[in-house]
Each structure stands twice: as structure tokens, then as C-alpha cells.
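Note sheet for the following structure.
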Amino acid sequence: MTPVQPVRGTQSLLGEDADRLAAVVAAFDRVRRLYGFRRVEVPTIEQTAVFARTIGETTDVVSKEMYSFEDRGGESITLRPEFTAGICRAFLSEGWQQHAPLKVATSGSAFRYERPQKGRFREFHQLDAEIIGAAEPQADVELLALADQLLKELGISGTVLKLNTLGDPETRAAWRDALYEHFRQHAGTLSEDSKARLERNPLRILDSKAHEDWPVVDSAPTIDDFLTAAAADFFGAVTAGLDAAGIAWERAPRLVRGLDYYRHTAFEFMTDQLGAQGTVIAGGRYDGLIEALGGPHTPAVGWAAGIERLAMMIDAPQPERPSVVLVPLGERAEHAALSLLAGLRRQGVAADMAYRGNMKKRLSRANAVGAAYALILGDDELDRGEAQLKDLASGEQKAVSLDLIAQALGA
RNA sequence: GCGAUCGUAGCUCAGCUGGUUAGAGCAUCGGUUUGUGGUACCGAGGGUCGGGGGUUCAAGUCCCCUCGAUCGCCCCA
């Protein structure tokens, strides 16, 4: 029989690689509490319409990357390609509206049928933070501050916050029309990719990587020419708030977002350390999303971060090591060790037991798992009510009283 | 979905222009040391050379297909 293979684009991780992901989630959980974001859990699967209606039918995510299937009841189900839509669905269907403005955070798997690359997987993991039901620019600032602090606590440097506004719906529509007109007139000089983008999503031409597009992009109308007074004020309040909070940012007038639901603030924390997958945290304001799900008009902001991408940028976390490994020799000693081991662990001492092979094997085991001490229990020692405590770093060894250990554990 | 590079032991890799039983280091296991690890020495196990087909007297090495990884495009966290 040929061995079974993993599904393409999935990961099975052991040791440091797994610890890295856990370290990112742990840091996020710490910071999110400081900012008063409550933990939520949302389903991995949703009705396909939840994503199709919000993310945008024409986006790549919906049109060719979703894991969708019909369940046994004939319903179209989709594995979440992101968190925002599902959280908004829960906001509506679970009565979370009563908590608005609601600050929530979550993390877990997301699924996209893409070509795997470094920092890009078919099952990947995201951190997600959302503020639902807040129209104020302070919400945008708070969310950006959360992301900024998370990166700092992870010890990640060298990221840049790229910030833009996509304006309100009037702004965005007017700008989009002007861009469409501009690019249509220069369609002859555009790259093949951009010609295709012209009808589907003209905004995307702005961040084209094709050199032949650049002159046309440079002469394209900018969002600032179309910003309504209200939209300009809003963006001004966000940038002023960032400055007040001491968060470094850069204006990126051509930054657009692929997903249809974004309005006003759009941002990405970028790095040049991950090749083509340079976006490490990204998000923005999505005031129209909840209406697209059939709910009332509800302003909201949020972001998602790629856990794998962050995990690749942090220093390796310290592996857990037991403080002590018990090394029993003989049947009575095994029994005593089992009792001692349970006591140590109940007291919160990271302890392990080497139960295979001769003393050499057992000590070698204690050393291999990185223990600070080995506690050697033999019948001789047991008869004297003692054990040998060996400091594995220095090699020093001395007798300790089992009664004293028992007393310490009892206290 | 498109283009490029790559795929040899658990891991990192060596195998020159195709030529006898495919190697090393690390890891694992055993021994020197049947109650003393981490250092040292000796030894062992472990490979359908990603898979399939083809060319050839002969293929890890050349050709085709396929699967996977990496890099770029697309897209995105």
C-alpha cells in the first residue's frame, strides 16, 4: 500500500514550527485583552452566500478560491476564506447587535484554494480583530494601535504601515468611474493583466507590478481629487489620531483592497522580508458589509493577520523543558517515582519520568529533553528515605530527603 | 490558472561528462561503561534515488508525463 499523502497546501508541524504559531496567537491574546477586545468563536463553515455576498462575486477569492461543497442536505456550504463575513453574520444572527459598539477578536484556520508558496497555504491561520457598530475614526485608530503594538510585542521590526482612504460610497464610485475612463483611454498600452482588470476591478490596476502600466498609473486621477468633505474629514481624523497615538504610518494613495466591502480607511502592514507575500496585517473599514448580509446599516472596521507570516518573522520561542526528570531504578522505585511525579505536577512543577532502559538510557533521556535536574531513585536510596538530585548542567549530585520533598509538595 | 528552478536515508547534503553491491555529517539504536547523561571511541539499522513511462548493453544521472516543494505572475493574510 502506498502511504497516504497530506493535502496540498496543508501543514503538519512539530516542535519549534508549531511553537512559533502558538507564540503568535499567545501574544495576540495578551494584547487583545489590553485593548478590551472580547474573544469570539465563529464556525469554520458558513452558508456560501455569507462570503459570496460580502467579499464580492468578481473577486478571485469568491470566483475561484473558495472551498465550497454541497452538504448532505443539499445546502451550499463554504469553508471560511476569512473571518470578517462570518463574524458579521454572527453579529446579526446571534443578537450581538445589543453589544454595539462591539470589539471582538478571534483566530483560527481559513481556507483558500491557491497555489502554495512561502507564507501562503491552502489551510492557513489568521488573527482577526473587528470593531462593529462604530462609525467614529477613533475605532480605526484603536484597531491600528492594536496591530502596531502586536508587532512590537512580537519583536517584529521593519514593517511599514501603508495607509489610504477609499472614501465614502460617492467618493469611491466617482473615483472608480474616473479611473475606468482614464485606463480605457490608455488601454492600448496596458499589460494583459491590467486589460483584464479594467472591466472586473479597475482600482486594482493602480498597484500593478507591470512596468508598462506605470506611466498610465502615474497619470491616473488620485482619490484625493474625489474625496467628499466628509470623507476627507474622516481620513484627517484617522491620521491625526495615529499621530497622537505615536503610530508611524505612510500615505499610500494607490493602496486599494481586493475585497469589495472596504470603505474609507484601508491599510496594510508591509514587510520586505517575505518576498511576494509582504502583507502581514491588512484591513480597513467595511461600512457596507452588514447591509450586504441583509442587516441594518452598521459601520465597522477590522483587520486580519497571517499567523504563518508573523511566525516566520519572530525569534524562535524557547521550547518547554521539564525542571526535573525522575530516574527510577527497580520496581519499588518505579512505584515511588510515580507517586512523586504526580505530586510534582499537581504543584505546578514541570516534571517528567524516564521509564525505559538502564540508568544510562534514562539519564540520557533526561538530558535530551533539556531537564535542569535528574532525580535518581534507587532501592538503596529508598531504604534511607533519600534520592540523588543531579544538576545536569554542572554534573553535581547530592542526596536529598524524600520526606522534605513530600513536605514541600504538601505545603 | 500561467512561467521558472528543484525533488538522493528522519534532517542537511555529496554523487564529475550515464558505467560494477548509492555515500557523508547530524539524528536513531547498540557497545566501550548490566546504577550515572551531556564529551570521546567502536559498531549497526535505515534509501522503490518523489511516482510512472521511455531511450540505452547500462539511468540517481538523458527525454516525456505526473505529484510535490521553492521563486515569480495572478491574488491575498
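Any value given below was found using the heavy atoms of this structure, including those in side chains, with hydrogens, waters and symmetry copies removed. Order of the sequence lines sets the chain letters (A, B, ...), proteins ahead of strands, with each chain counted from 1.
Base pairing of G1(B) is made with C73(B), judged by Watson-Crick or G-U wobble geometry with both donor-acceptor distances under 3.5 Å. Across all strands shown, U20(B) forms no Watson-Crick or G-U wobble pair with both distances under 3.5 Å. Applying the Watson-Crick and G-U wobble criteria (two distances, each under 3.5 Å), C26(B) pairs with G10(B). With a cut-off of 3.5 Å on both pairing distances, U39(B) has no Watson-Crick or G-U wobble partner at all.
Ring geometry for H264(A) versus F234(A): interplanar angle of 30 to 60°, hence tilted. Ring geometry for H186(A) versus H182(A): interplanar angle of 30 to 60°, hence tilted.
A salt bridge links R254(A) with D218(A): at least one charged nitrogen is closer than 4.0 Å to a carboxylate oxygen. Classification of D128(A) and R80(A) as a salt-bridged pair fails, no side-chain N sitting under 4.0 Å from a carboxylate O. Under the 4.0 Å criterion applied to side-chain N and carboxylate O atoms, R33(A) and D29(A) are assigned as salt-bridge partners.
Here A393(A) lies in heavy-atom contact (under 4.0 Å) with a base. Within 4.0 Å of I376(A), counting heavy atoms only, lies at least one base atom of the nucleic acid. At the heavy-atom level, D60(A) lies under 4.0 Å from the strands shown only through sugar-phosphate atoms. Counting non-hydrogen atoms under 4.0 angstrom, R112(A) reaches a base of the nucleic acid. Among the protein residues, E65(A) comes within range of the sugar-phosphate backbone only, with heavy atoms under 4.0 Å from sugar or phosphate atoms but none that close to a base. Among the heavy atoms of the strands, none lies under 4.0 Å from Y373(A). Nucleic acid contact for G283(A): none, since no nucleic acid atom lies under 4.0 Å from a heavy atom of the residue. Across all strands, R362(A) comes closer than 4.0 Å to no nucleic acid atom at all (heavy-atom distances). Using a 4.0 Å heavy-atom criterion, one finds that A366(A) contacts no nucleic acid atom at all.
Atom CZ of F235(A) sits about 8.0 Å away from atom CG of D224(A), to the nearest 0.5 Å. The structure places CD1 of I77(A) at 4.5 Å from CG of D71(A), a figure rounded to the nearest 0.5 Å.
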Set out, line by line, the N/O atom pairs under 3.5 Å between protein and nucleotides 5-11 of chain B.
none

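Scanning residues 306-331 of chain A for heavy-atom distances under 4.0 Å to RNA chain B yields G306(A), R309(A).
One cannot find a donor-acceptor pair under 3.5 Å joining the base of G38(B) and the side-chain atoms of N367(A).
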